[in-house]
Structures are given as C-alpha cells and as structure tokens.
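Encoded as structure tokens, the structure appears first; notes follow it.
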Amino acid sequence: MGENITLNCSMRNRYEVAWYHLRSEELVLLISAEKDKNGRKLLINYNPNSNRMKMTADSWITRVSLTISGVTESDSGLYFCGIKSDAPEMFFDKPIRLEIEGLFVIEETKTEVEITDEVTVTERVLMFGGVGLAVFVFFLTTVIAGGIIYHRGQQKGWRAAKRASIMSYKSAK
C-alpha cells in the first residue's frame with residue numbers, strides 16, 4: 001500500500017498499446033498510447049488518471065511499462081496489456097494479478113472474462129448470416145445461370161447436334 005509498482009508488456013512489431021484493469025467484474029481502460037509516425041516516440045491517447053498512472057517505453061518502443069504511483073486497495077485485481085498492429089483485433093498478454101500485502105480477501109469468486117473486439121453477439125450473427133446469405137445467393141445464381149445456358153443451348157440446337165452425331169454413328173454400323 002502506498003508504494004509504486006511497475007507492470008511490463010512487450011510491444012514488438014505493434015503500434016498501439018492499452019492497459020486494462022479488471023476488478024469486481026468491471027473491465028476499465030486505464031491508459032492507451034500509440035507510436036508516432038516514425039515509430040520512435042510513444043504518444044499517450046487516453047489517461048484519465050495521469051496523476052497516478054504513467055506509461056513509458058524503452059528507446060526502441062519494444063517494451064512498455066505501466067507505473068502506478070501510491071498503490072491503494074482499489075488497485076488490486078487483474079491487469080491486461082493489449083497490443084495492436086494493422087489488424088483491427090487487439091491481442092492480450094497474460095493477465096497480471098496485483099494483490100496488496102495485508103489485504104484480506106473475504107470472498108473470491110472465479111470469473112471467466114472474455115475480452116473481445118467489442119463485437120456483440122447480434123453483430124456476429126448478422127456477419128455470419130450475411131456470409132450464409134452470400135453463399136446461398138451464389139448457389140442460386142449458379143443454378144439459374146446453368147438453367148439459362150441449358151435453355152439457350154436447346155434453342156440453338158445443341159441437342160439436335162448431339163442427335164445427329166448419334167444418328168451418323170448408327171448409320172455407320
């Protein structure tokens with residue numbers, strides 16, 4: 001309690017980083033940053049607790065650190081470092097559990113937390129439904145196109161040509 005603590009995260013080949021805190025089933029974004037255009041400086045985008053939380057990086061910005069000053073009881077919990085490259089998804093390193101010495105936990109419940117890219121179940125159903133619809137439309141279009149080709153072929157006498165070749169084969173016997 002009251003001391004400073006530093007949490008580390010690898011940022012190799014990534015351009016954006018964010019630290020999250022999970023406590024009492026609430027996931028909170030603490031701080032986020034991204035590399036500048038040259039990739040040599042870390043630019044802080046979001047930090048509502050700037051008086052207590054600082055993010056620093058090594059000279060090549062391959063490792064970032066979150067420093068929490070004057071740790072309090074409310075700082076206990078799980079911390080997640082999320083990193084992002086060109087893909088829209090954010091990747092998370094292993095969580096870091098911060099426990100305060102001398103703090104007794106009356107009841108601890110295990111909760112599975114799924115960190116997503118903020119896509120809801122409804123949005124996923126719509127995405128997969130859209131893919132299914134696209135496959136169905138492709139199938140239907142293929143069947144219709146096949147029917148049209150067959151019908152036009154009949155109109156142009158493709159069947160008659162086949163009959164003529166069969167007749168010429170029979171007369172040759």
Side-chain angles (χ1 to χ4, degrees), residues 1-139 141:
M1 293 273 278
E3 295 183 20
N4 298 346
I5 188 158
T6 301
L7 310 174
N8 296 309
C9 179
S10 174
M11 197 173 157
R12 199 174 302 276
N13 299 324
R14 304 288 190 230
Y15 73 86
E16 193 173 326
V17 62
W19 280 94
Y20 294 86
H21 180 218
L22 176 67
R23 180 174 180 181
S24 302
E25 299 180 18
E26 182 182 5
L27 187 64
V28 178
L29 173 62
L30 299 174
I31 189 170
S32 67
E34 63 184 86
K35 291 181 183 179
D36 69 351
K37 290 181 182 178
N38 299 325
R40 302 288 297 161
K41 188 176 180 183
L42 196 62
L43 305 171
I44 305 296
N45 295 333
Y46 176 80
N47 186 4
N49 302 310
S50 59
N51 57 334
R52 293 190 56 235
M53 298 193 183
K54 306 274 188 253
M55 191 180 327
T56 56
D58 62 3
S59 59
W60 293 98
I61 311 181
T62 57
R63 188 155 208 72
V64 292
S65 300
L66 171 67
T67 301
I68 304 171
S69 303
V71 172
T72 65
E73 181 181 330
S74 65
D75 293 321
S76 63
L78 292 175
Y79 287 82
F80 297 88
C81 172
I83 51 176
K84 190 174 179 182
S85 61
D86 292 333
E89 298 88 17
M90 184 166 268
F91 298 96
F92 291 87
D93 210 354
K94 292 180 183 177
I96 300 169
R97 179 180 297 278
L98 177 60
E99 294 178 355
I100 311 298
E101 280 185 29
L103 183 65
F104 294 101
V105 177
I106 298 170
E107 181 182 336
E108 182 177 321
T109 59
K110 290 188 177 182
T111 306
E112 286 187 27
V113 176
E114 181 181 338
I115 299 173
T116 66
D117 52 2
E118 297 181 11
V119 177
T120 65
V121 172
T122 305
E123 289 169 330
R124 288 188 194 279
V125 167
L126 290 173
M127 283 190 295
F128 289 120
V131 170
L133 181 61
V135 169
F136 176 71
V137 168
F138 176 75
F139 173 75
T141 305

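Since we're looking at a predicted model, the values are computed, not measured.
For Asn51, the CG atom is densely surrounded, since the number of other residues' heavy atoms within 6.0 Å is greater than 12.
In this structure, CZ on Arg52 lies 9.5 Å from CG on Asn4, to the nearest 0.5 angstrom. Expressed to the nearest 0.5 Å, how far CG of Asp58 lies from CG of Asn8 amounts to 10.0 Å. Rounded to the nearest 0.5 angstrom, Leu43 CG and Ile61 CD1 are separated by 8.0 Å. Note that CG of Leu22 is 9.0 Å distant from CZ of Arg97, once rounded to the nearest 0.5 Å. Annotation: the span from Thr67 atom OG1 to Leu7 atom CG amounts to 8.0 Å, rounded to 0.5 Å. Note that CG of Asn49 and NZ of Lys54 are 10.0 Å apart. Values are rounded to the nearest 0.5 Å.
For the residue pair Met1 and Thr72, the shortest heavy atom distance occurs at SD-C, 4.0 Å. Glu73 approaches Ser76 most closely through the heavy-atom pair O-OG, 2.9 Å. Nearest heavy atom pair, residue Met53 against residue Asn47, reads O-ND2, 2.9 Å. Among all heavy-atom pairs drawn from Asp93 and Ser10, the shortest one is OD2-N, 4.5 Å. In plain terms, the two heavy atoms of Glu89 and Lys84 that are nearest each other are O-CG, 3.6 Å. Shortest non-hydrogen contact noted between Ser65 and Thr6 is CB-CG2, 3.6 Å.
Using cut-offs of 30° and 60° on the angle between ring planes, the pair His21 and Tyr79 is parallel.
Residues Arg40 and Trp60 form a side-chain contact, since some pair of their non-hydrogen atoms from C-beta on lies under 4.5 Å apart. Contact annotation: the side chain of Met90 approaches that of Tyr20 to within less than 4.5 Å [non-hydrogen atoms, C-beta and beyond].
Remark: side-chain polar atoms of Asp36 are paired, donor with acceptor, to backbone N or O of Lys41 under 3.5 angstrom. Arg23 contributes a side-chain N or O that, together with a main-chain N or O of Ser74, makes up a donor-acceptor pair within less than 3.5 Å. At distances below 3.5 Å, not a single donor-acceptor pair connects side-chain atoms of Arg12 with backbone N or O atoms of Thr62.
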